[in-house]
Asker: 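Let me begin by handing over the structure; questions about it come next.
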Amino acid sequence: MLYWNQSRECMPREEMQKLQNERLIKTVKRVYHNVPYYRARMQEKGIEPGDIKGIEDLPKLPFTYKQDLRDNYPFGTFAVPLSEIVRIHASSGTTGKKTVVGYTRSDIERWSEVMARTLVSAGATKESVIQVAYGYGLFTGGLGAHYGAEKLGASVIPISGGNTRLQVEIMKDFGTTILACTPSYALYMAEEIEEAGIKLSELKLKAGVFGAEPCSDAMRNEIERKLGILAIDIYGLSEVIGPGVASECPCKCGLHIQEDHFIPEIIDPETEEVLPPGSQGELVFTTITKEGLPLIRYRTRDVSSLEYSPCACGRTLVRMSKVTGRTDDMLIIRGVNVFPSQIESVLLEMGDTAPHYLIIVDRVSNLDVMEVWVEMTSTMFSDEVKRIEDIEKNIRKRIEDTLGLSVQVKLVEPKSIERSQGKAKRVIDKRKI
Ligand code: DLL
């Protein structure tokens, strides 16, 4: 099987644009009438749904930011009553509150469809045994891949993340053919396989769909070599739907965006101007089929570019280049999105220490590790060791509860963290991705 939905994935451009026009017009009407937030933003810009006749009118519409979703926390930007929502997921916000996303029953159906396309582009079929080692829960990775795999009719192993020894044992015993997890976890598993003395010939693994964090070509090559598989980069974000927004095909020359559901634009993050195809800039998405949480011109903060030329795989869907960075300071640590401001909020709320901190991220044995250095106040510095240790422990617990990630906390001497004259340097990222 080459495609899951050939008529859509290989649709001639003019037909795709016609479909996008129709769907965009409907979406704009829907948000204007159902979401007070969008109505207000469009009124501010002096536009009405009738002004949007097709995708050429996209630049007339206002942008949506992560902050807008937070301001309307939790359900304020949903376009349907809660009784129509069958699933709620969430991802990290920049500070305390999460970004909440809701799906109607038919949103889940569409999400499964785009994830089935993604899995098929990695070579999955109904004969495949798919080990879903993305986290299940508020994170969209696990259930997104799960529903796509079930729609395809494959056999799904919903193992979720962690417990690597068991992952490897199951991979061997159940004959997993497709692995779904973050690329760094795939490398970690490769190591575990080696340590467990399992030979690649004892496994049936053929391919992996790896995403949720950046993966360079060098890292991909290493995964492919160590696991003896085809490694496909898959991209998505909770706000837009979760995984399933875009995925590579075996040609590995960009990620095909599921354009019949999501319209991409590349903008200059400073001037907010739309840039021509091929230019690098910030990726912006408008969803055109979602019911629960339709998004108009959502600022992803991911840096990429768009390529419209035909792909050797036969798909006509536009390709986005691998995400190379972000226009904000979000870090992705073991697949979890972390904003330095979340850590700052915890420290300020606790108020035990000075407001100076430094986050140090590294990759040790293919696993991301994060250490937070926090400066003691001068009074604290003269305190007894036991009290300092207690504070350290409390800070660690609060940060771990907030991020859902384990961290190391180190209290350091007053004035030992370098002060900045301009923008404070809060993060040292030593990972070579
Ligand atoms: O990471 C959804 C996902 C799950 C995608 C599983 C792929 C596989 P969020 O937690 O909302 O959703 O994080 C979204 O992660 O804006 C990017 O910065 C980053 N990201 C996701 N996929 C990739 C990728 C999921 N393939 C944020 N390459 C996005 C680089 C990625 N960064």
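Order of listing sets the numbers, starting from 1, for every ligand and every atom in it.
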Asker: Can you see whether F63 has R299 sitting over its ring - NZ or CZ less than 6.0 Å from the centre and within 45° of the normal?
Answerer: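 Yes, R299 lies over the aromatic ring of F63.
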Asker: Taking non-hydrogen atoms only, is L255 closer than 4.0 angstrom to ligand 1 via side chain, backbone, both or neither?
Answerer: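 The answer is neither; L255 stays 4.0 Å or more away.
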Asker: Can you tell me if M330 contacts ligand 1 (heavy atom of the residue under 4.0 Å from the ligand)?
Answerer: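 It does, in that a heavy atom of M330 comes within the 4.0 Å cut-off of ligand 1.
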Asker: How long is the span from the OH atom in Y235 to the OG atom in S321, to the nearest 0.5 Å?
Answerer: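 Between atom OH of Y235 and atom OG of S321 there are 10.5 Å.
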Asker: To the nearest 0.1 Å, how far is atom 7 (C) of ligand 1 from its closest protein heavy atom, and which atom is that?
Answerer: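 Nearest neighbour among protein heavy atoms for atom 7 (C) of ligand 1, to 0.1 Å: A212 N, 3.2 Å.
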Asker: What protein heavy atom sits nearest atom 24 (C) of ligand 1, and how far off is it?
Answerer: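 Here the nearest protein heavy atom works out to E213 O, 3.5 Å.
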Asker: Within this structure, what is the OG1-CZ distance for the pair T182 and R334, rounded to the nearest 0.5 Å?
Answerer: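 Answer for the OG1-CZ pair, T182 versus R334, is 10.0 Å.
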Asker: Can a cation-pi geometry be assigned to R426 and Y357, taking NZ or CZ under 6.0 Å from the six-membered ring centre and within 45° of the ring axis?
Answerer: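 Yes, R426 lies over the aromatic ring of Y357.
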Asker: If you round to the nearest 0.5 Å, how far is CD of E194 from CG of L227?
Answerer: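 Between L227 CG and E194 CD, I get 10.0 Å after rounding to 0.5 Å.
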Asker: Checking contacts here: is it the side chain or the backbone of I234 that comes within 4.0 Å of ligand 1, counting heavy atoms only? Could be both or neither.
Answerer: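 Looking at I234 and ligand 1, atoms from backbone and side chain both fall under 4.0 Å.
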Asker: Is it the case that the side chains of R117 and S121 hold a donor-acceptor pair, with the cut-off being a distance below 3.5 Å and no angle test?
Answerer: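 Side-chain D/A pair, S121 to R117: absent.
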Asker: Give me the residue, atom name and distance of the protein heavy atom closest to atom 10 (O) of ligand 1.
Answerer: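 The closest one turns out to be N337 ND2, 3.3 Å.
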Asker: Could you verify whether a donor N or O on one side chain and an acceptor N or O on the other, from T64 and Y38, lie under 3.5 Å apart?
Answerer: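 There is such a pair between these side chains.
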Asker: Where does the angle between the aromatic ring planes of Y103 and W111 fall among parallel (under 30°), tilted (30 to 60°) and perpendicular (over 60°)?
Answerer: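 Aromatic pair Y103/W111 classed parallel.
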Asker: Can you tell me which portion of F210 lies within the under-4.0 Å heavy-atom range of ligand 1? Options are side chain, backbone, both, or neither.
Answerer: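 Contact part for F210 vs ligand 1: neither.
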Asker: Can you list the ligand 1 atoms lying under 4.0 Å from a non-hydrogen atom of I332?
Answerer: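 Result: 15 (O), 18 (O), 19 (C).
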Asker: Would you please say whether a donor-acceptor pair under 3.5 Å links the side chains of Q408 and R396?
Answerer: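 Looking only at side-chain atoms, R396 and Q408 do not form any donor-acceptor pair under 3.5 Å.
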Asker: Measuring centre to centre across the rings, with the benzene-like ring taken for any Trp, is H89 within less than 6.0 Å of F139?
Answerer: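 No.
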Asker: Flag D233 as yes when one of its N or O atoms lies below 3.5 Å from any N or O atom of ligand 1, and as no otherwise.
Answerer: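 Indeed, backbone or side chain, D233 has an N or O that close.
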Asker: Applying a 4.0 Å heavy-atom criterion (strictly less than), which segment of R326 is in contact with ligand 1: side chain, backbone, both, or neither?
Answerer: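 Side chain only.
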Asker: Specify side chain, backbone, both or neither for L237, according to which of its non-hydrogen atoms lie closer than 4.0 Å to ligand 1.
Answerer: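 Both backbone and side chain of L237 come within 4.0 Å of ligand 1.
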Asker: Taking 4.0 angstrom as the limit and counting only heavy atoms of G141, give me the atoms of ligand 1 inside it, by number and element.
Answerer: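 Taking each heavy atom of G141 in turn, ligand 1 has 4 (C), 6 (C) under 4.0 Å.
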Asker: Of the side chain and backbone of S91, name the one, both, or neither that has a heavy atom under 4.0 Å from an atom of ligand 1.
Answerer: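 Only the side chain of S91 comes within reach of ligand 1.
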Asker: Taking 4.0 angstrom as the limit, do D368 and R363 come out as a salt bridge?
Answerer: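 Yes, this pair counts.
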Asker: Among all protein non-hydrogen atoms, which one is nearest to atom 25 (C) of ligand 1, and what is the separation to 0.1 Å?
Answerer: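 The answer is G236 O, 3.5 Å.
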Asker: Got the closest protein heavy atom to atom 11 (O) of ligand 1, with its distance?
Answerer: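 For atom 11 (O) of ligand 1, the nearest protein heavy atom comes out as S238 OG, 2.5 Å.
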Asker: What's the shortest distance from atom 29 (C) of ligand 1 to any protein heavy atom, and which residue and atom give it?
Answerer: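 Result for atom 29 (C) of ligand 1: D302 OD2, 3.2 Å.
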Asker: List ligand 1 atoms under 4.0 Å from V323, heavy atoms only on the residue side.
Answerer: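 This gives 30 (C) as the contact atoms.
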